[in-house]
Trainee: 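Following this message is one structure expressed as structure tokens.
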Amino acid sequence: MSAFMSVTARRTAAAALAAGALVGTFAASASADAGGRLHRDRVEISGAQYDSPGWDNGSNRSLNKEWIDVTNTSRHSVNLDGWTLSARDGRTYTFHHYRLAGRSTVRVHTGVGRDSDRDVYQDRRRYVWDNRSDTATLRDDRNWRVDTLSWGGDRNHRDDRGYRGDGRGHGGDRDYRDDRGYHGGGHR
């Protein structure tokens, strides 16, 4: 009988070890998967001024009052080299040699200007964002969608975070925009 018990004990121990290895494999795979997506949770489109205040006269000053804010919510800097910010119609700005510091925001202006740590310029001579309805999409250097922000248009459209617009440039929940078309997230 004691030989039978030792075989049973060995089988039970082997089964427990195999189960532990399986759980360890799944846990390691889940943490590796989360590690590959970290930037999705820490870089976001945090604000938009899609309707330049005042008269849309096409001046560089007016163009630069149209902007999108991109925020890094983590403590660590993120290399945005090769990342893109695009409008629904395909007009795209590509970040070149830009590192966004931890817990900071960069404002992407439409017009011409001198890039700095807090402001970059698309160097365009025409407006990018549609005042009535548009979608800003942020993609990483692998062309994976990191975040989107939509305004106007279809009442049932939801952005990546599930916020819905109401078709007037205002949305429910946190998706508030004032009369000038400013999408909340706070001024810098």
Side-chain angles (χ1 to χ4, degrees), residues 42-74 77-78 80-140 145-188:
R42 53 187 184 162
V43 179
E44 64 184 27
I45 299 173
S46 57
Q49 176 69 51
Y50 53 82
D51 185 4
S52 179
W55 190 256
D56 286 349
N57 59 12
S59 69
N60 193 52
R61 183 177 188 144
S62 178
L63 288 168
N64 281 331
K65 289 182 180 177
E66 180 182 84
W67 46 259
I68 301 289
D69 279 345
V70 176
T71 299
N72 176 1
T73 60
S74 78
S77 67
V78 175
L80 298 185
D81 188 39
W83 287 43
T84 60
L85 180 65
S86 60
R88 186 181 310 139
D89 67 5
R91 285 177 283 184
T92 302
Y93 170 75
T94 302
F95 289 90
H96 294 287
H97 311 292
Y98 187 83
R99 181 169 291 278
L100 183 57
R103 294 193 172 114
S104 64
T105 297
V106 62
R107 184 161 284 175
V108 182
H109 299 271
T110 298
V112 177
R114 177 173 279 179
D115 292 350
S116 69
D117 289 342
R118 295 174 53 103
D119 296 279
V120 295
Y121 297 85
Q122 296 187 47
D123 296 333
R124 294 183 183 272
R125 306 260 183 228
R126 297 188 189 277
Y127 296 99
V128 171
W129 308 108
D130 188 312
N131 294 350
R132 284 169 267 134
S133 173
D134 210 339
T135 300
T137 302
L138 180 67
R139 293 183 179 274
D140 67 11
R145 188 175 61 200
V146 174
D147 198 12
T148 62
L149 179 70
S150 296
W151 55 90
D154 181 9
R155 288 177 169 258
N156 296 318
H157 175 79
R158 293 181 180 266
D159 66 11
D160 283 351
R161 292 172 293 252
Y163 297 110
R164 180 180 10 207
D166 68 2
R168 295 179 311 204
H170 296 81
D173 306 322
R174 76 166 232 342
D175 210 18
Y176 172 77
R177 290 159 183 91
D178 65 18
D179 293 335
R180 297 179 313 259
Y182 174 74
H183 171 270
H187 293 285
R188 297 182 309 155

Trainee: Just jot down the side-chain contact (heavy atoms from CB on, under 4.5 Å) partners of Asn64, sequence neighbours excluded, or say none.
Mentor: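 Residues passing side-chain contact (heavy atoms from CB on, under 4.5 Å) with Asn64: Asn60, His109, Tyr121.
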
Trainee: Taking all non-hydrogen atoms of both residues, which atom of Arg126 and which atom of Leu63 are closest, and how far apart?
Mentor: C-CD2, 3.5 Å

Trainee: Less than 4.5 Å apart, any side-chain heavy atom of Trp67 and any of Val108?
Mentor: no

Trainee: Is there a side-chain contact between Leu85 and Ile45, using heavy atoms and a 4.5 Å cut-off?
Mentor: yes

Trainee: Without swapping roles, check the side chain of Arg91 against the backbone of Tyr127 for a donor-acceptor pair under 3.5 Å.
Mentor: yes

Trainee: Short question: side chain of Thr92, backbone of Gly90 - any donor-acceptor pair under 3.5 Å?
Mentor: yes

Trainee: Looking at residues at least two apart in the chain, or sitting in another chain, which of them share a side-chain contact (heavy atoms from CB on, under 4.5 Å) with Arg125?
Mentor: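 Arg125: side-chain contact (heavy atoms from CB on, under 4.5 Å) contacts with Val112.
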
Trainee: Considering residues at least two apart in sequence or located in another chain, which fulfil the side-chain contact (heavy atoms from CB on, under 4.5 Å) criterion with Ser77?
Mentor: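 With sequence neighbours excluded, Ser77 shows a side-chain contact (heavy atoms from CB on, under 4.5 Å) to Arg99, given in chain and number order.
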
Trainee: Taking Glu44 for its side chain and Thr73 for its backbone only, find out whether a donor-acceptor pair lies under 3.5 Å.
Mentor: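 No.
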
Trainee: Under 3.5 Å, side chain of Trp55 to main-chain N/O of Ser62, donor-acceptor pair present?
Mentor: no

Trainee: I need the Arg88 CZ to Ser133 OG distance, nearest 0.5 Å.
Mentor: 4.0 Å

Trainee: Under the 3.5 angstrom rule, does the side chain of Asp115 hit a backbone N or O of Val120 as a donor-acceptor pair?
Mentor: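 Not at all, since once roles are kept as given, no pair shorter than 3.5 Å links the two residues.
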
Trainee: Does the Tyr98 side chain pair with the main chain of Asp117, one donor and one acceptor, at a distance under 3.5 Å?
Mentor: yes

